[in-house]
J.: 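Following this message is one structure expressed as structure tokens.
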Amino acid sequence: MNAPPLPAEVHHRLATAEGVLFDIDGCLVLFGQTPHDSIALPGAAAAITALRASGRAVAAFTNASAKTPAGIAAALHELGIPLDEHEILTPAAVAAEVITSRYADRPVLAFGGPGLLDVLHARGTALLDEDADPTDAAAVVVGWDTNFHRDRLQRAAEALWNGAELLTTSDAPSFASRGRPTAGVSGFIAHGLAHVTGAQVEILGKPSPTAMEMAARKLGVDHGKLLVVGDDLTLEIRMALAAGATAVLTTTGTHSATDAAAAPRATRPDLVVDGLPELLALWPEVDEADGGGL
Ligand SMILES: [Mg+2]
């Protein structure tokens with residue numbers, strides 16, 4: 001690794017960071033089309049282990065809403081990544097909190113897989129039944145719904161025409177996966193609904209301030225002492241910079257060092273690394289040996 005010397009400010013931020021929030025896809029792992037195709041990215045397990053051993057709080061935030069946090073943790077464990085269910089944040093948790101605080105007991109119309117619907121259900125969110133009047137919905141919540149057919153479109157549109165707010169777990173156009181990017185389903189549906197109804201899309205996951213707030217709370221760390229590591233300038237990097245956290249781009253997924261250099265200030269990371277081994281090697285007072293070797 002021929003990294004240039006670390007600027008003093010970045011060195012200080014790494015040394016004094018009290019918590020680290022990792023992205024998952026393109027940062028810790030590349031999921032394949034099947035579980036057998038999935039891989040852990042180099043240094044992912046070691047970085048988590050070493051940072052934990054250094055006394056720092058560690059968690060991961062994915063914009064994915066297909067799987068529950070338990071399902072994601074299980075998939076990560078299969079790849080040797082030591083993160084547990086309680087250390088996985090998804091936009092579904094943000095959705096549950098936003099819906100409760102904003103709409104109280106008014107029901108919402110939610111579209112998604114278990115990663116959204118099961119989480120909302122478990123948290124007691126009032127969900128409209130399939131056959132209920134859609135105009136009763138306070139909001140339409142869109143996640144990774146791979147069965148979003150015409151009837152659902154019509155119900156969602158009727159809710160939105162009647163004044164429901166339009167929330168989505170993520171509007172990322174794509175995310176990093178093994179061999180090729182995966183096209184984003186949630187944003188595709190949400191922006192399609194915006195097109196047909198004129199509603200504004202509100203994003204619950206990264207880079208929303210609400211997502212950042214929840215992550216900082218989860219880690220028990222102030223924004224200024226939090227490091228956010230991810231592969232997407234428009235998601236992790238934008239979110240971290242807006243909150244005054246330290247933004248680290250790893251070039252193992254969506255965006256490259258060239259993209260970072262050309263990025264406007266709001267999405268230009270504090271540090272660019274070519275992978276988590278480089279990040280760990282640069283980190284003052286973090287013992288790489290605690291990561292079990294790299
Ligand atoms: Mg990513």
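Heads up: numbering here begins at 1 and tracks the sequence.
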J.: Could you please spell out the steps behind the side chain to side chain contact (heavy atoms under 4.5 Å, CB included) verdict for I48 and R52?
T.: CA-CA 6 Å; I48 288 165; R52 259 200 207 120; 3.7 Å; yes

J.: Any side-chain heavy atom of T182 sitting closer than 4.5 Å to one from S174?
T.: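 SC-SC contact between T182 and S174 ruled out.
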
J.: Look at the side-chain heavy atoms of Ile, Leu, Val, Met, Phe, Trp and Tyr, link any pair under 4.5 Å apart, and say whether L127 and L167 land in one connected group.
T.: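 Yes; tracing contacts between hydrophobic side chains, which count when under 4.5 Å, links both residues.
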
J.: Side-chain contact test, heavy atoms from C-beta onward, threshold under 4.5 Å: evaluate it for L276 versus V229 and give yes or no.
T.: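 SC-SC contact between L276 and V229 confirmed.
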
J.: Using modelled atom types only, decide if a donor and an acceptor are shared between the side chain of H223 and the backbone of G244 within a distance under 3.5 Å.
T.: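 Side chain of H223 to backbone of G244: no pair is present.
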
J.: According to a 4.5 Å side-chain heavy-atom criterion applied to Ile, Leu, Val, Met, Phe, Trp and Tyr, with indirect links allowed, do L6 and V20 form part of one hydrophobic cluster?
T.: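 In one cluster with L6: V20, yes.
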
J.: Could you tell me whether the side chain of T90 reaches within less than 4.5 Å of the side chain of T169, counting heavy atoms only?
T.: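 Answer no - side chains too far apart.
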
J.: So do the side chains of V248 and L227 get within less than 4.5 Å of each other, counting heavy atoms only?
T.: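 Result yes, sub-4.5 Å side-chain heavy-atom pair found.
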
J.: Measuring only between side-chain heavy atoms, which start at C-beta, is F31 closer than 4.5 Å to L76?
T.: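 Answer yes - side chains close enough.
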
J.: Which distance, rounded to the nearest 0.5 Å, do you find between the CD1 of I203 and the CG of L235?
T.: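 Output value for this atom pair is 8.5 Å.
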
J.: Within a radius of less than 6.0 Å around NE2 of H12, do more than 12 heavy atoms belonging to other residues, nucleotides or ligands occur?
T.: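 12 or below, so no.
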
J.: Nearest 0.5 Å, what's the OG1-NZ distance between T246 and K225?
T.: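 So the gap between those two atoms works out to 9.5 Å.
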
J.: Examine distances only and state if a side-chain atom of T49 and a backbone atom of A45 form a donor-acceptor pair shorter than 3.5 Å.
T.: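 Judged by distance alone, yes, a pair lies under 3.5 Å.
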
J.: A side-chain contact here means heavy atoms from C-beta on lying under 4.5 Å apart; do F111 and V140 qualify?
T.: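 With C-beta onward as the side chain, the pair touches.
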
J.: Using the side chain to side chain contact (heavy atoms under 4.5 Å, CB included) rule, pick out the option among V94, I88, L219 that qualifies with F61.
T.: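 Passing option: V94.
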
J.: Closer than 3.5 angstrom, by distance alone: can the side chain of E213 be matched with the main-chain N or O of P209 as a donor-acceptor pair?
T.: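 Answer holds: no.
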
J.: Please evaluate residues L233 and R238 with respect to the criterion side chain to side chain contact (heavy atoms under 4.5 Å, CB included), reporting the C-alpha separation (whole Å), side-chain torsions for both, the decisive distance (0.1 Å), and the verdict.
T.: CA-CA 6 Å; L233 296 171; R238 182 186 295 281; over 6 Å; no

J.: Answer yes or no: is there an ion pair linking E202 with R102, defined by an N-O contact shorter than 4.0 Å?
T.: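 Salt bridge: yes.
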
J.: What about L128 and L153, same hydrophobic cluster or not, with Ile/Leu/Val/Met/Phe/Trp/Tyr joined at side-chain heavy-atom distances under 4.5 Å?
T.: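 Same cluster: L128 reaches L153 through Ile, Leu, Val, Met, Phe, Trp or Tyr contacts under 4.5 Å.
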
J.: Between R155 and A132 (side chain of the first, backbone of the second, donor and acceptor by atom type, cut-off under 3.5 Å), is there such a pair?
T.: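 Pair found, side chain donor or acceptor close to backbone of A132.
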
J.: Before you tell me yes or no, could you show the steps for L226 and E18 under side chain to side chain contact (heavy atoms under 4.5 Å, CB included), namely the whole-Å CA-CA distance, both residues' side-chain angles and the distance that decides it to 0.1 Å?
T.: CA-CA 6 Å; L226 185 56; E18 294 174 1; over 6 Å; no

J.: Within a 6.0 Å radius of atom CG on D222, are there more than 12 heavy atoms belonging to other residues, nucleotides or ligands?
T.: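 No, CG of D222 has 12 or fewer neighbouring heavy atoms, counting only those of other groups under 6.0 Å.
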
J.: Measuring from atom CD of E158 to atom OG1 of T135, what distance do you get when rounded to the nearest 0.5 angstrom?
T.: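 Here the interatomic distance stands at 7.5 Å.
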
J.: For the residue pair A95 and L204, what are the closest heavy atoms and their distance?
T.: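 Residues A95 and L204, closest heavy atoms: CB-CD1, 3.5 Å.
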
J.: Looking at every non-hydrogen atom in both residues, tell me the closest pair between A15 and W283 and how far apart they are.
T.: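 Closest pair (atom of A15, atom of W283, distance): N-NE1, 4.2 Å.
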
J.: What's the spacing between T168 OG1 and I189 CD1 if we round to 0.5 Å?
T.: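 T168 atom OG1 to I189 atom CD1 measures 8.0 Å (nearest 0.5 Å).
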
J.: Quick check: are there more than 12 heavy atoms from other residues, nucleotides or ligands sitting under 6.0 Å from CZ of R217?
T.: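 Count over threshold, so yes.
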
J.: So do the side chains of V286 and L51 get within less than 4.5 Å of each other, counting heavy atoms only?
T.: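 V286 reaches L51 side chain to side chain.
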
J.: Taking all non-hydrogen atoms of both residues, which atom of V108 and which atom of Y103 are closest, and how far apart?
T.: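 That closest heavy-atom pairing would be CG1-CD1, 4.2 Å.
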
J.: Can any side-chain N or O of T100 pair as donor or acceptor with the backbone N or O of E97 at less than 3.5 Å?
T.: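 No, the answer is negative, given that no donor and acceptor are paired below the 3.5 Å cut-off.
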
J.: What's the shortest heavy-atom distance between M239 and A211, and which atoms?
T.: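 Taking every non-hydrogen atom into account, SD-CB, 4.2 Å.
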
J.: Using side chain to side chain contact (heavy atoms under 4.5 Å, CB included), reason through H77 and D84 one step at a time and then give a plain yes or no.
T.: CA-CA 8 Å; H77 271 265; D84 290 330; 3.0 Å; yes

J.: Would you say D232's side chain and T234's backbone share a donor-acceptor pair under 3.5 angstrom?
T.: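 A pair under 3.5 Å: yes.
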
J.: Between G26 and T250, what is the shortest heavy-atom contact and its length?
T.: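 Nearest heavy atoms, G26 then T250: O-CG2, 4.1 Å.
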
J.: Roughly how far apart are H191 NE2 and S186 OG, rounded to 0.5 Å?
T.: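 Atom-to-atom, H191:NE2 and S186:OG are 10.5 Å apart.
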
J.: Please confirm whether the backbone N or O of L83 pairs with a side-chain atom of E87, one donor and one acceptor, at under 3.5 Å?
T.: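 No.
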
J.: As a quick check of understanding, evaluate side-chain hydrogen bond (donor to acceptor under 3.5 Å, both in side chains) for R123 and T125, giving each step before the final call.
T.: CA-CA 6 Å; R123 294 189 181 222; T125 308; over 6 Å; no

J.: Is it possible for you to say whether L249 and L241 belong to one hydrophobic cluster, with membership spreading through side-chain heavy-atom contacts below 4.5 Å?
T.: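 L249 clusters together with L241.
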
J.: When rounded to the nearest 0.5 angstrom, what is the spacing between OG in S177 and CG in D25?
T.: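 Nearest 0.5 Å value for the OG-CG distance: 7.5 Å.
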
J.: Using the six-membered ring of F175, assess whether NZ or CZ of K206 lies under 6.0 Å from its centre and within 45 degrees of the ring axis.
T.: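 Output no; distance or angle outside limits.
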
J.: Check for me, please, whether V196 and F148 land in the same ILVMFWY cluster - side-chain distances under 4.5 Å, paths through other members count.
T.: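 Yes; tracing contacts between hydrophobic side chains, which count when under 4.5 Å, links both residues.
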
J.: Which of these, T254, T252, T251, sits in a side-chain hydrogen bond (donor to acceptor under 3.5 Å, both in side chains) with D231?
T.: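 Looking at T254, T252, T251, the match for D231 under the side-chain hydrogen bond (donor to acceptor under 3.5 Å, both in side chains) is T254.
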
J.: Do K218 and L89 come close enough that some side-chain heavy atom pair is under 4.5 Å?
T.: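 Side-chain contact under 4.5 Å: yes.
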
J.: Locate the shortest heavy-atom distance separating A75 from K67; write the atom from each residue and the value.
T.: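 In this case the closest contact between A75 and K67 is CB-NZ, 4.1 Å.
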
J.: Tell me whether the count of non-hydrogen atoms from other residues, nucleotides or ligands lying under 6.0 Å of NE2 in H36 goes above 12.
T.: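 Count not over threshold, so no.
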
J.: Tell me whether Q154 at atom CD has more than 12 heavy atoms from other residues, nucleotides or ligands lying less than 6.0 Å away.
T.: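 Yes.
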
